[in-house]
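Notes follow the structure.
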Amino acid sequence: MYDAHPIVDGFPGKTATHGSFGWSSVWLLHDGDSAVLVDTGPPSYVPLIVHGLAAHGLAPADVTDVLLTHSHWDHVGCVSMFPRARRWIGRAEFSWARRQPMDVPFVSQPLLAALGEPESALRLIDGDGEILPGIRACEVPGHTPGHVAFLAETTRGPLLFVGDAAKNVRELGARVIDSALDRQVAADSITRINDIASGAGARVVPGHDVLCSLSEDGWRRERAQTAQMQFHHRRDEEPLVIAINDRDPALVSVRSSDAIES
Ligand SMILES: [Zn+2]
């Protein structure tokens, strides 16, 4: 049974002018023998992961397994941090991603080359099934062709890590899909995620959101969803806090942290 902790909570943001933030979810599952990371975030997460692991008495070299939901740069960006870890990714996903030209959005060939080296550490997932004790892979394609979710038995109860098959609580519940290579297949996968979660009694960690649970009113975030932003030329000032209105995820407010805390 794994203890489960968010290392970085994902945030469902992108800009109108500068692409994706890539602020994805990274979680740690550990049981004393194994230390398993679910996704690794974008390359900018290196210090967050070092700090987050240290809070649990771990270093990157202690990570035994990295589970990758899919091949996008904001999920595989830190895979080279873990010299001892096996890297798990869908066989169909890795095969598809490695064939893409350099101008395909969100697919980074240098990061994928790093993911595939050394080959002895690569574990390609075929179909559904248990890949590690207490962790099951489930195919949920559509966002990308070989996208995989992971259902883990944890001391918090079953948790289903769905990556960008459902990037946020809105996609999970309202099934409004923002980005998918195949929208119909992606919609079918969100239905499958709901079926798996209800069958297992699992809560869900979306690819760019906090832990979500199912209530009578549908899927809800278990806590407030915020991010903080600072500007290099105004480092002395309080960061801006970007807060999402949980009753309407389309509404976002930007305030100083003082205003949020008061
Ligand atoms: Zn993605």
Side-chain angles (χ1 to χ4, degrees), residues 6-16 18-27 37-45 48-49 66-80 87-116 124-125 137-150 160-193 196 204-212 225 227 249:
I7 297 296
V8 185
D9 277 320
F11 187 84
K14 62 182 180 181
T15 73
H18 289 72
S20 169
F21 293 136
W23 294 346
S24 62
S25 308
V26 177
W27 277 65
L37 272 196
V38 186
D39 281 336
T40 72
S44 59
Y45 273 14
L48 300 179
I49 291 174
V66 172
L67 313 185
L68 300 164
T69 57
H70 65 301
S71 59
H72 283 166
W73 65 272
D74 52 332
H75 297 258
V76 305
C78 293
V79 75
S80 298
R87 293 95 178 260
W88 299 82
I89 190 169
R91 184 185 298 277
E93 180 73 8
F94 193 62
S95 172
W96 166 79
R98 290 298 271 146
R99 294 196 308 271
Q100 303 309 298
M102 286 291 288
D103 58 353
V104 170
F106 312 122
V107 176
S108 165
Q109 292 304 334
L111 290 176
L112 292 172
L115 164 59
L124 297 173
I125 302 167
C138 313
E139 291 184 314
V140 286
H143 176 73
T144 53
H147 196 297
V148 174
F150 300 101
L160 182 59
F161 299 90
V162 301
D164 287 358
K167 293 183 285 300
N168 53 68
V169 69
R170 184 167 168 79
E171 289 193 352
L172 188 59
R175 309 184 190 198
V176 176
I177 300 166
D178 177 52
S179 167
L181 286 182
D182 188 320
R183 286 183 181 276
Q184 184 55 56
V185 173
D188 292 344
S189 285
I190 292 179
T191 299
R192 178 154 203 248
I193 285 167
I196 294 169
V204 169
V205 179
H208 294 262
D209 213 329
V210 299
L211 179 63
C212 296
Q225 170 60 286

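Order of listing sets the numbers, starting from 1, for every ligand and every atom in it.
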Test your reading of the model: is there a side-chain donor-acceptor pair from Arg192 to the backbone of Asp188, 3.5 Å cut-off? no

Sub-3.5 Å donor-acceptor pair from the side chain of His143 to the main-chain atoms of Ser179, do we have one? yes

Validation row: Val148, Glu93 side chains within 4.5 angstrom (heavy atoms): no

No-hydrogen, no-angle side-chain donor-acceptor test under 3.5 Å, Thr69 and Asp39: yes

Leaving waters out, which protein N, O or S atoms fall under 2.8 Å from the Zn ion (ligand 1)? His70 NE2, His72 ND1, His143 NE2, Asp164 OD2

Can you pull the ring-ring contact (aromatic ring centres under 6.0 Å, His included) pairs that have at least one residue in residues 161-181, sequence neighbours excluded? Trp27-Phe161

Hey, can you tell me if His72 and Phe106 have their rings parallel, tilted or perpendicular (30° and 60° cut-offs)? tilted

